[in-house]
Amino acid sequence: MVKDLPISKQRNSYRGSFMLDLKFIRNHLDAVKTSLRNRGYDLDISAFESIDRKRREILPVLENLRHRRNKVSEEIARMKREGQDATPLISEMKKVSQEIKEKEAALSEIDEQLKPILMVIPNIPHDSVPVGRDETSNPVIRTWGRQPEMQFEPLPHWEIGEKLGILDFARASKIAGTRFALYKGLGAKLERALISFMLDIHINEHGYTEVLPPFMVNSACMTGTGQLPKFKEDLFKIEGWDFYLIPTAEVPVTNIHREETLKEDDLPIYYVSYTPCFRSEAGSYGKDTRGLIRQHQFNKVELVKFCKPENSYEELESLTRNAEEILRRLGLHYRVVTLCTGDLGFSAAKTYDLEVWLPGQKLYREISSCSNFEDFQARRAGIRFKRKGSSGTELVHTLNGSGLAVGRTVVALLENYQQQDGSVVIPEALRPYMAGIESIPSPLQE
RNA sequence: GGAGAGAUGGCCGAGUUGGCUGAAGGCGCUCGCCUGCUAAGCGAGUGUAGGGUUAAAAGCCCUACCGAGGGUUCGAAUCCCUCUCUCUCCGCCA
């Protein structure tokens, strides 16, 4: 548990860390360029280098001028105290001051050019990430369970849900529009049961601390986790405010420790958080238009970790296992794939997707995405830690993964547990959360 | 929405007739000493980031940072402006 964390307040969000990023790119230019090309990003080296060079020319000059100013100001103070005439020095310093102002303006202009370049460079994939162009190159690394055998033609979940009277898409679109759902009766209860079920397992068995964050965040948070500035179109923004609806709990939860320096003993930190998620789904017009798969608003239970760099890859494995555990308890057949370089998200260094089997649609569908961001988000958000007995600080590594997407879990349950008579069996593990009922009965049975 | 108060180092808390304060003092923490345990006591140290020096590190030098941004000035934690946040009272409200 974290207690009384000091908040370092002196920086303006990415200024201090901004430099580290710069130095790394400068020192590993070719390697950076190559790994970014693997994920389809073209880094303009010459533009970067010329701006960086200008910056490094100005900085020492500016610092020397400031040094001079500091020294002479001391001298002026001394002379005045001793009743001497400091007028000549003062007038000389006027010129120096003017020069400092000019250099400062030049430097900040350079920073303004550099910042947008740096902020849109994606993370560098981990060595273990397979090189590939798109999702067709994602290797399956393991599979659990098997496809259920059905003696009838399975229906897609939207038909099941509407027949059972637990999902109402028509009225949802009257209330809000397309890509929204209205859950009713046992449908609403099922969604709520899954949230509690997932939270309880992660809290009680996997050691996560539950948090319930704001569902709107400011732009500093969105920049910290990497949604801004590049993916503004995917977000819902509150008009007239610096508030965005969160697209995932990753954003508020990772930003819990923005601009903080944690103690070594605090790490690792595990958080689990239920939140609704809001996504514009810009650019996915006509895709998954039916059912619960792709909604503007959906529920998700999210796992978030902060850890020391040397542990982050084993933490990724255990986080992924924690997410898988939910599917296993629910008896849902799934597979785990590693995202290849071309399919990797902007901020991630490595990602495993859990894909659940959907018999109604006869395909595997992403239900969880578990990523290690290494220090990418920590650098942007200024999340550090201090090792015992050593001076200086280091960036933490951050990870997160869905544990699980709740709406898609409902989809999987409806499609995998549908019966010939139209009812849907509730898996045993979930029954305590459903007031003990064993199935959602078909209206025809009553 | 109206009226006030405030934001300083890990914490508490000085510093507001601008100058030698990166920042008194206390607490905490670290190391050493002392005390046959514990407590107390004594001494020293104790921010972050960037740049330079170095083969590297240590060390040393420089710069920046007293909520954020801008301004005045030879010089600002100290003066002015804007913003953010926190707190108190009144009103309103789930």
Side-chain angles (χ1 to χ4, degrees), chain A residues 2-27 51-112 114-115 118 212 214-224 238 240-243 255-266 375 378-396:
Chain A
V2 186
K3 58 254 163 195
D4 298 325
L5 293 173
I7 297 175
S8 58
K9 310 157 197 162
Q10 70 271 53
R11 280 180 296 277
N12 77 38
S13 47
Y14 25 68
R15 182 80 185 216
S17 42
F18 175 81
M19 302 304 168
L20 275 176
D21 202 7
L22 235 185
K23 199 196 245 174
F24 180 84
I25 297 171
R26 182 188 304 140
N27 293 340
I51 296 173
D52 184 45
R53 197 180 313 114
K54 274 191 232 159
R55 192 192 144 76
R56 295 209 288 160
E57 279 164 14
I58 286 188
L59 204 58
V61 175
L62 175 60
E63 290 197 343
N64 284 336
L65 286 170
R66 282 170 169 167
H67 180 217
R68 176 118 177 274
R69 180 180 68 185
N70 290 344
K71 284 295 170 209
V72 177
S73 290
E74 261 176 51
E75 181 67 8
I76 292 170
R78 195 187 54 79
M79 290 174 80
K80 287 206 162 185
R81 230 178 303 122
E82 293 170 0
Q84 299 177 37
D85 179 21
T87 317
L89 273 184
I90 290 177
S91 65
E92 189 201 333
M93 277 301 100
K94 274 189 187 178
K95 279 181 231 146
V96 173
S97 253
Q98 190 53 39
E99 213 176 327
I100 288 175
K101 269 187 189 146
E102 284 161 16
K103 297 293 180 199
E104 280 175 341
L107 182 65
S108 79
E109 196 186 315
I110 288 169
D111 280 351
E112 285 310 306
L114 204 48
K115 207 190 308 183
L118 291 178
L212 184 62
F215 301 158
M216 293 190 260
V217 299
N218 56 37
S219 49
C221 290
M222 288 293 189
T223 305
I238 307 296
W241 297 75
D242 183 34
F243 289 146
N255 278 283
I256 287 174
H257 297 297
R258 179 159 47 89
E259 298 301 320
E260 289 186 13
T261 301
L262 304 165
K263 297 194 203 83
E264 185 175 12
D265 287 344
D266 293 329
D375 63 10
R379 175 175 295 116
R380 295 167 75 104
I383 311 171
R384 304 154 189 284
F385 77 103
K386 193 182 182 74
R387 286 189 202 270
K388 274 183 291 190
S390 76
S391 64
T393 60
E394 294 172 51
L395 295 165
V396 303

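Convention: sequence-line order gives letters A, B, ...; per-chain numbering from 1. What's counted below: heavy atoms across the whole structure, side chains too, no hydrogens, waters or symmetry copies.
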*rC65(B) and rG2(B), which share atom name C1', separated by this distance in whole Å*: 37 Å

*Pairwise 5' ranking along RNA chain B for Glu74(A) and Lys94(A), keeping only the more 5' one*: Glu74(A)

*How long is the line joining CG of Leu107(A) and P of rG51(B), in whole Å?*
12 Å

_Pair assignment for rG75(B), Watson-Crick or G-U wobble, requiring both distances under 3.5 Å_ = none

Without placing hydrogens or testing angles, list every side-chain donor-acceptor pair under 3.5 Å for residues 82-91 of chain A, not counting sequence neighbours.
| unit_1 | atom_1 | unit_2 | atom_2 | d |
| --- | --- | --- | --- | --- |
| Glu82(A) | OE1 | Arg78(A) | NH1 | 2.9 |
| Glu82(A) | OE1 | Gln84(A) | NE2 | 2.9 |
| Glu82(A) | OE2 | Arg78(A) | NH1 | 3.3 |
| Asp85(A) | OD1 | Thr87(A) | N | 3.0 |
| Asp85(A) | OD1 | Thr87(A) | OG1 | 2.4 |
| Ser91(A) | OG | Pro88(A) | O | 3.0 |

*In whole angstrom, what separates Gln98(A)'s CD from rU72(B)'s C1'?*
14 Å

*When rounded to the nearest Å, what value does the distance between C1' atoms of rG25(B) and rG32(B) take?*
24 Å

*With a 3.5 angstrom cut-off on both distances, give the Watson-Crick or G-U wobble partner of rA23(B), or none if there isn't one.*
none

_Measure CZ/Arg384(A) against C1'/rG47(B) and give the value in whole Å, please._
13 Å

*Ile25(A) and Asp52(A), any side-chain heavy atoms less than 4.5 Å apart*: no

*asked:* Apply side-chain contact (heavy atoms from CB on, under 4.5 Å) to residues Val96(A) and Val72(A) and explain how you reach the verdict.
replied: CA-CA 10 Å; Val96(A) 173; Val72(A) 177; over 6 Å; no

*Using atom C1' of each nucleotide, how far apart are rG69(B) and rC74(B) to the nearest Å?*
24 Å

*Could you go step by step and tell me if Val217(A) and Asn255(A) meet the side-chain contact (heavy atoms from CB on, under 4.5 Å) rule?*
CA-CA 9 Å; Val217(A) 299; Asn255(A) 278 283; over 6 Å; no

*Counting N and O atoms only, with roles assigned by atom type, does the side chain of Asn70(A) sit under 3.5 Å from a partner on the main chain of Ser73(A), one being a donor and the other an acceptor?*
no

*asked:* Holding to ring pair (Phe, Tyr, Trp, His ring centres under 6.0 Å), I want the full list of residues that pass it with Phe215(A), two or more places apart in sequence or in another chain.
replied: none

*rA24(B) to rU82(B) separation - C1' atoms, rounded to the nearest Å*: 32 Å

*Assigned partner base of rA44(B), Watson-Crick or wobble definition, under 3.5 Å*: rU30(B)

*What's the closest nucleotide to the Ile76(A) side chain, out of rG51(B), rA49(B), rG19(B)?*
rG19(B)

*Just name whichever nucleotide pairs with rU63(B), Watson-Crick or G-U, keeping both distances under 3.5 Å, else none.*
rA49(B)

*asked:* What's the gap between rG75(B) and rG28(B) when it is taken at their C1' atoms, as a whole Å value?
replied: 35 Å

*Tell me the partner of rC93(B), counting only Watson-Crick (N1-N3 plus N6-O4 or O6-N4) or G-U wobble (N1-O2 and O6-N3) with both under 3.5 Å; none if nothing fits.*
none

*Interatomic distance, Phe385(A) CZ vs rG10(B) P [rounded to whole Å]*: 18 Å

*Close side-chain approach of Ile383(A) to Glu260(A), heavy-atom, < 4.5 Å*: no

_Sequence-distant partners of Glu394(A), salt bridge (charged side-chain N to carboxylate O under 4.0 Å, His left out), two or more places apart_ = Arg387(A)

*Hey, could you give me each pair passing side-chain hydrogen bond (donor to acceptor under 3.5 Å, both in side chains) that has a residue in residues 57-69 of chain A? Not counting sequence neighbours.*
Arg66(A)-Glu104(A), Arg68(A)-Glu92(A)

*Any side-chain N or O of Ser97(A) less than 4.0 Å from the OP1 or OP2 oxygen of rG75(B)?*
yes

_Taking 4.0 Å as the cut-off, does a side-chain nitrogen or oxygen of Lys101(A) come that near to OP1 or OP2 on rU72(B)?_
yes

_Smallest separation among heavy atoms of Arg258(A) and Ala220(A), with atom names_ = NH1-CB, 3.5 Å

*Rounded to whole angstroms, how far apart are CZ on Arg387(A) and P on rC29(B)?*
24 Å

*Look only at the side chain of Asp375(A) and the backbone of Leu395(A), and say whether a donor-acceptor pair between them is shorter than 3.5 Å.*
no

*Are any of Lys386(A)'s side-chain N or O atoms less than 4.0 Å away from OP1 or OP2 of rU48(B)?*
yes

*Could you give the distance separating rG22(B) and rU17(B) at their C1' atoms, to the nearest angstrom?*
24 Å

*Return the nucleotide paired to rC87(B): Watson-Crick means purine N1 to pyrimidine N3 with N6-O4 or O6-N4, wobble means G-U with N1-O2 and O6-N3, both under 3.5 Å.*
rG4(B)

_Contact list for RNA chain B against residues 78-90 of chain A - heavy-atom distance below 4.0 Å_ = Lys80(A), Arg81(A), Ile90(A)

Dump every N/O contact between nucleotides 56-64 of chain B and the protein below 3.5 Å, one line per pair.
| unit_1 | atom_1 | unit_2 | atom_2 | d |
| --- | --- | --- | --- | --- |
| rU63(B) | OP1 | Asn70(A) | ND2 | 3.1 |
| rU63(B) | O2' | Arg66(A) | NH1 | 3.2 |
| rA64(B) | OP2 | Asn70(A) | ND2 | 3.3 |

*Is there a Watson-Crick or G-U wobble partner for rG69(B) with both distances under 3.5 Å, and which nucleotide is it?*
rC81(B)

*C1' gap between rU8(B) and rU48(B), integer Å*: 15 Å

*asked:* Rounded to whole Å, how long is the line connecting atom CD of Glu92(A) with atom C1' of rG75(B)?
replied: 14 Å

*Taking only the side-chain nitrogens and oxygens of Ser91(A), find out if one of them lies under 4.0 Å from OP1 or OP2 of rC74(B).*
no

_Any-strand Watson-Crick or G-U partner of rU38(B), both distances under 3.5 Å_ = none

*Could you state the CE-P distance from Met93(A) to rG18(B), rounded to the nearest angstrom?*
22 Å

_Spacing of Ile110(A) atom CD1 relative to rG50(B) atom P, expressed in whole Å_ = 19 Å

*Starting at CD of Glu264(A), measure out to CG of Leu262(A) and round the result to the nearest 0.5 Å.*
11.5 Å

_Rounding to an integer number of angstrom, what distance separates rA58(B) and rG52(B) when you compare their C1' atoms?_
16 Å

